[in-house]
Amino acid sequence: MNNNEFSQMVYNLVAKIPYGRVTTYGLIALMLGFPQNARQVGQALHNAPQYLDLPCHRVVNHSGKLAPFWPEQRQLLENEGVHFNSFGNVDMNVIMPWIQQNSTQ
DNA sequence: AGGTTGACTCACC
DNA sequence: TGGTGAGCCAACC
């Protein structure tokens with residue numbers, strides 16, 4: 001288990017986020033079995049190569065705040081029908097583990 | 001080796 | 001709701 005594999009797992013999981021659904025770094029880390037590595041999830045996404053076409057705009061922090069340095073992220077999510085509250089954060093009701101309903105595959 | 005930083009999270013207040 | 005401090009772990013001087 002090296003760091004490259006961890007990133008690989010992150011990419012694999014992020015790629016499965018359904019349209020219009022949002023999750024958090026900590027949740028991803030949790031599903032991967034590394035609840036302490038939420039920050040590494042962020043780093044992995046930060047370093048994610050663009051050719052992977054990851055929907056990393058669907059990943060926010062636990063308070064629903066979007067990634068810094070990336071103003072367009074909000075617009076991308078709104079295009080998918082993700083509801084934002086008056087604080088400019090993602091509504092918490094779309095932040096949840098979606099792995100269950102995906103498990104048929 | 002030691003200090004700082006960060007696309008994080010939680011407990012407290 | 002929001003600020004702060006403390007854990008946390010990997011990356012970068």
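The analysis underlying the following values was restricted to heavy atoms, covering all of them including side chains, and did not include hydrogens, waters or symmetry mates. Proteins get letters first, then strands, A, B, ... in listed order; numbering begins at 1 in each.
- In the 5' to 3' direction, nucleotides of DNA chain C lying under 4.0 Å from heavy atoms of chain A begin and end at dT1(C) to dA11(C).
- Between the CZ atom of Phe6(A) and the P atom of dC8(B) there is a distance of 13 Å, given to the nearest Å.
- A continuous path of ILVMFWY side-chain contacts below 4.5 Å connects Leu66(A) to Ile95(A), so both sit in one hydrophobic cluster.
- Summarising the geometry, the separation between OH on Tyr25(A) and P on dT9(B) is reported as 8 Å, rounded to the nearest angstrom.
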Quick one: side chains of residues 75-84 of chain A, donor-acceptor pairs under 3.5 Å with protein atoms, not counting sequence neighbours, listed by atom name and distance.
| residue | atom | partner | partner atom | Å |
| --- | --- | --- | --- | --- |
| Gln75(A) | NE2 | Asn79(A) | OD1 | 3.2 |
| Glu78(A) | OE2 | Arg74(A) | NE | 3.3 |
| Asn79(A) | ND2 | Gln75(A) | O | 3.4 |
| Glu80(A) | OE1 | Gly20(A) | N | 3.0 |
| Glu80(A) | OE1 | Arg58(A) | NE | 2.8 |
| Glu80(A) | OE2 | His57(A) | NE2 | 2.9 |
| Glu80(A) | OE2 | Arg58(A) | NE | 3.1 |
| Glu80(A) | OE2 | Arg58(A) | NH2 | 2.9 |

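- Remark: Asn37(A) CG to Ile28(A) CD1 distance equals 12.5 Å, nearest 0.5 Å.
- Residues passing the side-chain contact (heavy atoms from CB on, under 4.5 Å) test with Leu30(A), sequence neighbours excluded: Leu27(A), Pro35(A).
- Taking a 4.0 Å limit (strictly below) on heavy-atom distances, residues 32-46 of chain A reaches DNA chain C at Gln36(A), Asn37(A), Arg39(A), Gln40(A), Gln43(A).
- Taking a 4.0 Å limit (strictly below) on heavy-atom distances, residues 50-64 of chain A does not reach DNA chain C anywhere.
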CA sep, side-chain torsions, deciding dist, call: Lys65(A), Val60(A), side-chain contact (heavy atoms from CB on, under 4.5 Å): CA-CA 6 Å; Lys65(A) 276 183 70 68; Val60(A) 299; over 6 Å; no
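- Sorted by first and then second residue, the ring-ring contact (aromatic ring centres under 6.0 Å, His included) pairs with a member in residues 10-30 of chain A form an empty list; sequence neighbours excluded.
- Annotation: side-chain contact (heavy atoms from CB on, under 4.5 Å) contacts of Glu5(A) (sequence neighbours excluded): Met1(A), Asn2(A).
- Nearest heavy atoms, Leu54(A) versus Ala48(A): CD1-CB, 3.9 Å.
- At a threshold of 4.5 Å between side-chain heavy atoms, the hydrophobic network of Ile, Leu, Val, Met, Phe, Trp and Tyr places Val22(A) and Ile17(A) in two separate groups.
- By the side-chain contact (heavy atoms from CB on, under 4.5 Å) test, Asn85(A) is found to be paired with Phe87(A), Asn89(A), residues two or more places apart in sequence or in another chain being considered.
- dG7(C) and dA7(B) are spaced 22 Å apart, taking the P atom of each and rounding to whole Å.
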Sequence neighbours excluded and cut-off under 3.5 Å, please list the side-chain donor-acceptor pairs for residues 38-47 of chain A, or say none.
| residue | atom | partner | partner atom | Å |
| --- | --- | --- | --- | --- |
| Asn47(A) | ND2 | Gln43(A) | O | 3.1 |

Are there any protein N/O atoms within less than 3.5 Å of an N/O atom in nucleotides 11-13 of chain B, and if so, which ones and at what distance?
none

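- Pairs passing the salt bridge (charged side-chain N to carboxylate O under 4.0 Å, His left out) check and including a residue from residues 85-97 of chain A, sequence neighbours excluded, do not occur.
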